[in-house]
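Here the structure comes first, spelled out in structure tokens, and everything after it is commentary.
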There are 2 protein chains.
Amino acid sequence: MGRWQAHGAKYTAPPMPEPIPIIGGTGALGWGLALRLARAGQQVVIGSRSAERAGEAVARLRQDAPGSEVEGLVNADAARRGPIVFLTVPFRAQSENLNNLRDALEAGQILVDCTVPTAAAVSGKATRSLGVWQGSAAQQAQEMVPGGVTVIAALHTVSAPVLGDPEAGLDEDVLICGDRRADKARVARLLELIPGLRAVNAGALETARIVEQLTPLLISINARYKTHAGVRITGLPHGDPWE
Amino acid sequence: MGRWQAHGAKYTAPPMPEPIPIIGGTGALGWGLALRLARAGQQVVIGSRSAERAGEAVARLRQDAPGSEVEGLVNADAARRGPIVFLTVPFRAQSENLNNLRDALEAGQILVDCTVPTAAAVSGKATRSLGVWQGSAAQQAQEMVPGGVTVIAALHTVSAPVLGDPEAGLDEDVLICGDRRADKARVARLLELIPGLRAVNAGALETARIVEQLTPLLISINARYKTHAGVRITGLPHGDPWE
């Protein structure tokens, strides 16, 4: 059992005080997520391939989220710093990153995969997607992480530029897929610390193959409406579904 | 050029006074759509494989939408009655229906395909989908309709039971895919006659392969939340995008 194994922890517990590693935290989505979590009072660890770029992002973050506790490390070191690790790299680099994290990730950790297999990864259109052999990028991640690491898919529909704009308000949903309800709930609790985001339980990890397609759909809508669209699920009952 | 060809008609024109054929109008989605359109003052033609079942649906419709102008016909006859034809049959029956409509549909008509290729069509789960060779059920429809008929994909995310419940309010989007903006706009104008529905231009017809997946996604969410969920796109600018 690894360091991060949940020892009978209830999934209703508040997000842990441990730092939140963001692999690829210098990219647009990772940066935006880091910014929002830092402003929500969470400790963030920016991971990057280069320690120098991680350091630069940390400096920027300290400016946009004054007083926040942030750290910059190379990805593998960042991944060791907390129980819930976000993977926010382009699909093109997902497998390479997961290979590099093989010795860093440990049983009990949660990997939140935000990867979207758009055809842009192979010089195609971002309004089209690639078929992934395992069904989705998230399922590919689940195949590649060490045993005991749970993959949760999330954040595909939240616009990176909006997330990274400290002035922009959010009012949308995050669709969360995963096979362990308790782990989904931990990620939900964490993401709902960001004002304006509601976490919706979208189903099993295999449902990521649908949710990952929403990014190309929103990119198609963005092109037509000149905006940064998001998604809201209507008709959900009131109350906390994660209890 | 067929009877229904638009003779330079502007797509900003209000919905035509012609009747609206609904192929498969005795099914849950078709029935709900017929009900809402009839209550919005539109003439509706219920199509069915059986004239008798069409007649029964018409009798029900007259009860739930008093004073409405409705007709019940076998599908092929129904399809000849108006320029915008809705196809609301299960995926299992889509090809058969399109074959049967080959002599009925004419150049200039719009076929609004609402088909969702869930795995339920082959005794699988409704939270999973089938791969369609052409990319989507809508693209399959485009391949099968006579030349000059435009296929528009719509209505996949609107719950049939909600649509069919006269007491239920709607407050959600309809995502519309198609290759001709003017035809998408005509369908948008028509669907927006239903109170609580906003039509969103989701992109080219090929984008239907994403939008059709939203039904299995919502079924997955419905199972978890015990509800009839819908979709709302956030962040769209105000104003009429169909002008």
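Order of the sequence lines sets the chain letters (A, B, ...), proteins ahead of strands, with each chain counted from 1. All values below were derived from every heavy atom in this structure, side-chain atoms included, with hydrogens, water molecules and symmetry-related copies excluded.
The contact between B:N201 and chain A is made by backbone and side chain atoms together, counting heavy-atom distances below 4.5 Å. Only the side chain of B:R128 comes within less than 4.5 Å of a heavy atom in chain A; its backbone stays farther off. Heavy atoms closer than 4.5 Å to chain A are found in the side chain of B:V211, but not in its backbone.
Closest of all the heavy-atom pairs between B:V151 and B:L205 is O-CD1, 3.5 Å. Contact detail for B:R39 and B:P166: the closest heavy-atom pair is NH1-CB, 3.4 Å.
In this structure, A:P161 and A:H228 have side chains that are in contact, with non-hydrogen atoms separated by less than 4.5 Å.
When each of B:K226, B:E172, B:R224 is checked for heavy-atom pairs under 4.5 Å with chain A, B:R224 comes out on top. Chain A forms the most heavy-atom pairs under 4.5 Å with one residue out of B:L236, B:T207, B:T127, and that residue is B:L236. Counting heavy-atom pairs closer than 4.5 Å to chain A, the top residue among B:S159, B:G203, B:G235 is B:G203. Interface remark: of the candidates A:T157, A:T227, A:V162, A:I210, A:I210 forms the most heavy-atom pairs closer than 4.5 Å to chain B.
Side chains of B:Q140 and B:Q94: a donor-acceptor N/O pair is present below 3.5 angstrom, by distance only. With 3.5 Å as the limit, one finds no donor-acceptor pair spanning the side chains of B:Q213 and A:Q213.
A salt bridge links B:R189 with B:D240: the distance from a Lys NZ or Arg NE/NH1/NH2 to an Asp or Glu carboxylate oxygen falls below 4.0 Å.
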